[in-house]
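In what follows, a structure is listed as structure tokens, so that the remarks can point back to it.
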Protein chains: 2
Amino acid sequence: MINLGMASLRLCAGLVGRRSGFCARSLRTITGMTVSQIDEEVAKLLELKTQLGGDEGRHQFTLKTAKGTRDYNPKQMAIREKVFNTIISCFKRHGAENIDTPVFELKETLTGKYGEDSKYDLTVSFKPTVLDPTPSQVPFARYLAMNKVTNIKRYHIAKVYRRDNPAMTRGRYREFYQCDFDIAGQYDPMIPDAECLKIVHEILSELELGDFRIKVNDRRILDGMFAVCGVPDDKFRTICSTVDKLDKMSWEDVRSEMVKEKGLSEEAADQIGQYVSLQGGMDLAERLLQDAKMSQSKQACAGLTDMKQLFSYLQLFQVTDKVVFDLSLARGLDYYTGVIYEAILTQTGPVPVAATQNGAGEKAEEGVSVGSVAGGGRYDGLVGMFDPKGRKVPCVGVSIGIERVFSIMEQKAEASAEKVRTTETQVMVASAQKNLLEERLRLTAELWNAGIKAEVMYKKNPKLLSQLQHCEDSGIPLVAIIGEQELKDGVVKLRTVHSREEIDVSRAELVEEIKRRTSDV
Amino acid sequence: MINLGMASLRLCAGLVGRRSGFCARSLRTITGMTVSQIDEEVAKLLELKTQLGGDEGRHQFTLKTAKGTRDYNPKQMAIREKVFNTIISCFKRHGAENIDTPVFELKETLTGKYGEDSKYDLTVSFKPTVLDPTPSQVPFARYLAMNKVTNIKRYHIAKVYRRDNPAMTRGRYREFYQCDFDIAGQYDPMIPDAECLKIVHEILSELELGDFRIKVNDRRILDGMFAVCGVPDDKFRTICSTVDKLDKMSWEDVRSEMVKEKGLSEEAADQIGQYVSLQGGMDLAERLLQDAKMSQSKQACAGLTDMKQLFSYLQLFQVTDKVVFDLSLARGLDYYTGVIYEAILTQTGPVPVAATQNGAGEKAEEGVSVGSVAGGGRYDGLVGMFDPKGRKVPCVGVSIGIERVFSIMEQKAEASAEKVRTTETQVMVASAQKNLLEERLRLTAELWNAGIKAEVMYKKNPKLLSQLQHCEDSGIPLVAIIGEQELKDGVVKLRTVHSREEIDVSRAELVEEIKRRTSDV
């Protein structure tokens, strides 16, 4: 069954790559079909393909991974593990639970076609980027509604998959990790929201990715601003998506797009221009609450009052050094209902470029700064959409752009002189003499049984030099050397690899001595 | 792109479920097509399906996960994490590196259609069970050949997927974890093989799943045995698969299948019967080396000599209490070339039943004991199959039946009075008085910044009782209570939840006191 499972995934991969070859003629010949008839046809075609044995032409095959996928070697995995550990430690420090939802969801879940309220079409409102937290929020909302969970603080880190995409050359992969943290529940305003920002601050600080900034805005402030600037209701979304491009386009270009492409009046555009250039903190929220135009919008006032509250909590959390209230931040997801935020790396230079090349620069072509490493916001309506009775569960969350983080960490490791260890081995059990394999194995087992991370060469008579070389290569700090004399004396020669210092340690004290010398590992 | 990715996986899931509805008529109408034409047609049909908006008939939708998938709640995830930690710690103790390969591989990789040597067809030789290590060995072998890795000790734990299957009601899932450990490289005989068995012994002991046994045999001994018993060469595989059923069928039934269904002579069957009833250790290997018939087979002698060697290493590793040389063990994979093994839980009772119900009893219907929790063996030919020049890299490895382990652990947790904690929170920051939200947040941030796992209620004025109740419910051991008086005195009232004992701790010493009191967490 497993091979078929792989085959089905592989077929999928093959199919999605051919979307661009879609031909109108053939579509016409089959448009009289129902969906279930289509499904049947598809099943038959796939079956036939299997029978034909796949692609024609048995050309010489080059070993490779499937398109859009890649292997991770031990060094890359060690870096990933370190990143995971940092992030998960932070989530756990904040009392988060871990849940897991399947990698695929029913179409009804993804399209949000439930009950009366079908105003959301999630397949449309998804922005095509991994940094938006959306995709993982949908299964999460489905989970909450289905299991009638009304409050939870959880994280979820998992591989996800996407269809083929046009930016493969720029390093977009079909298989990648998503990392999400969300707080669901009916609470007093802005407390969980502030904790999400605190978490982003902690994670980005601990990962040492360089200086960063967390931009904050509020959907209600954006909507209120559009309203008071004279943007027609039906243009809110499209104007919002143009504003979202301000981090990589000049105001002139953004203005031009709003006016020429989207038909906004010049006056409205210029009024928007005055607001979206504003950045600040609690002071800016206070000022806008007094602003003659803004204060006309109830929505904007609600958002601004909450923004003040948010900043007061952020002050308590001591994270205002990195957080900026920025009216140009306009994340593109329909279902955000309150605070939105996005963290960007402000350090220029090779890092963002590498991140893009290595596959995490997802948002570059879609309008968000290449330095974006986390984002999220409040989405109070999503769970209610899935609940049969429309019961709402307010949610706020954040996604960490973990693939980009990996890329940056990999690049830092490349640039650094420090070697990345791919094992945690504390000691190598070695011998300079022949015929001591059994003694080496016996000692190794003793160490394993005592919880010591130990390696031994799988050779009857390895050279001492090659045993020491392996320690050098893989960063093993200690060598436990035995010979006839040591065995007779009941000792082990414990060698420190970097200093080449050797001391005799009694067999009984060996475990404790190794633990003592590697306690910082 | 992500929504499309999900959609494509979902579509796959939908498609594979419809295989049975395959219709010969329509196949006929399209058999003139090439594979690429089929691909185009499939793409068009899928596109059309998307345009039609999915399944007809907007019947009331019930919230559910896709067929064959499930959610994992925090309690299940906590159990999984514990299992992962135990297993990964063991792998790391043995110096293993971590690698990751994509969840899908090119068809050429799965079918093994490389170069001249196409004698393997992996899609056929895969046994449909997660407990066989095969599926993950194929990407591993491809990885080694592609990256020209000639030696590595690695583990790989990942979710994998399979197509629909007939045993869904018995709890077979489409999405599940695989867990593999392998040692690749040219080494002296049986040393890495012995380490694999040592690892199985360590993991099963530490997981405390109950008593277990590790059966060991060797492909060469099986083949030699079949030869000296008079089984025709072309019947080795099929007779082997019948022998493999001995752990759930009586010898009479196995004999009958060999003779009546597979056309083996009664004499050959009876001779096999004498051998496959044998179990022992090094002594049995020695005895069979002297056996008049067995000793005629060079293959069998090579296997038996290695078996003796293996047991000598197992003695050094002190694991012979659980390991049995069992001539009836016949794992069904074509590419095993030497030692094979399988670990079974010997404890009877509710555990294996529950394991089957909960989705890990994969092998029940395919001929391996329901108690099977690990298996593997030596496969020296697989990498060479992928290498353009046929360079061989000997490999030996083991798969842990991690889904079954999860099921057993979940059931044990259910049966136990001990509560499974789903967070690691050390302290709850609480107050009995009103208007202290800001002080609670300030203290919580202090604790987070000091690395303490802390929670605080997201309410302006929560009741002390509900704060304490949350600690009881989620197993938080300590409460840091502040009130006006404590703030004035510069102290915190530290309450131990289980004993209800309270002491005043100075704010400066709070972090150390919390660490001291939760150092066993």
Side-chain angles (χ1 to χ4, degrees), chain A residues 1-5 8-10 12 16 18 21 26-27 35 38 42-45 49 52 54 61 63 65-66 69 71-72 74 77 92-93 95 97-98 100-102 104 106-108 123 126 128 135 146 161-163 165 187-188 191-192 316-317 422-425 441-442 445 453 455 458 460, chain B residues 1-5 8-10 12 16 18 26-27 35 38-39 42-45 49 52 54 61 63 65-66 69 71-72 74 77 92-93 95 97-98 100-102 104 106-108 123 126 128 135 146 161-163 165 187-188 191-192 316-317 422-425 441-442 445 453 455 458 460:
Chain A
M1 285 297 158
I2 281 161
N3 57 319
L4 297 178
S8 98
L9 282 164
R10 178 176 41 75
C12 254
V16 296
R18 291 185 178 89
S26 298
L27 177 59
V35 167
I38 291 174
V42 168
K44 287 168 205 161
L45 288 163
K49 181 173 172 178
L52 290 175
F61 185 75
L63 272 182
T65 60
T69 68
D71 295 322
Y72 293 94
M77 291 304 282
K92 287 187 172 177
R93 193 159 57 237
E97 298 180 296
N98 190 6
D100 191 20
T101 51
F104 42 93
L106 290 174
K107 187 184 57 230
E108 291 86 344
T123 58
F126 280 174
M146 187 173 136
Y161 300 88
R162 71 174 142 220
R163 289 171 75 148
N165 63 71
Y187 301 117
D188 281 322
I191 315 176
L316 293 170
F317 287 166
T422 57
T423 69
E424 297 176 8
T425 308
L441 293 182
R442 197 193 309 274
K453 293 166 190 150
E455 283 184 56
Y458 304 128
K460 284 199 166 155
Chain B
M1 285 298 155
I2 281 162
N3 56 319
L4 297 177
S8 99
L9 281 164
R10 178 176 41 75
C12 256
V16 296
R18 293 188 177 88
S26 297
L27 178 59
V35 167
I38 292 175
D39 287 332
V42 168
K44 287 167 205 160
L45 288 163
K49 181 173 171 178
L52 289 176
F61 185 76
L63 274 182
T65 60
T69 68
D71 294 322
Y72 293 95
M77 290 305 281
K92 288 187 173 178
R93 194 160 56 237
E97 299 180 294
N98 190 6
D100 192 20
T101 51
F104 42 93
L106 291 174
K107 186 185 58 231
E108 291 86 345
T123 58
F126 281 175
M146 187 172 137
Y161 301 88
R162 72 175 141 220
R163 289 172 73 148
N165 64 71
Y187 301 117
D188 281 323
I191 314 176
L316 293 169
F317 287 167
T422 56
T423 69
E424 298 176 8
T425 309
L441 293 182
R442 198 193 308 275
K453 294 166 190 149
E455 283 184 56
Y458 304 128
K460 284 198 165 156

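Convention: sequence-line order gives letters A, B, ...; per-chain numbering from 1. Computation of the quantities below employed the complete heavy-atom set of this structure, encompassing side-chain atoms and omitting hydrogens, waters and symmetry-equivalent molecules. Everything quoted here is computed from the prediction, not taken from an experiment.
Annotation: the span from B:Glu424 atom CD to A:Lys92 atom NZ amounts to 3.5 Å, rounded to 0.5 Å. Remark: A:Tyr72 OH to B:Asp100 CG distance equals 7.0 Å, nearest 0.5 Å.
Between chain B and the residues A:Met146, A:Arg93, A:Glu97, the largest count of heavy-atom pairs under 4.5 Å involves A:Arg93.
The heavy-atom pair separating B:Phe317 from A:Ala445 by the smallest distance is CD2-CB, 3.7 Å.
Residues that satisfy the salt bridge (charged side-chain N to carboxylate O under 4.0 Å, His left out) test with A:Arg442, not counting sequence neighbours, are A:Glu439. Applying the side chain to side chain donor-acceptor pair (under 3.5 Å) criterion to A:Thr101, with sequence neighbours excluded, gives no partner residue.
Contact annotation: the side chain of B:Asp71 approaches that of A:Pro102 to within less than 4.5 Å [non-hydrogen atoms, C-beta and beyond].
Between the side chain of A:Asp188 and the backbone N or O of B:Lys460 there is at least one donor-acceptor pair closer than 3.5 Å.
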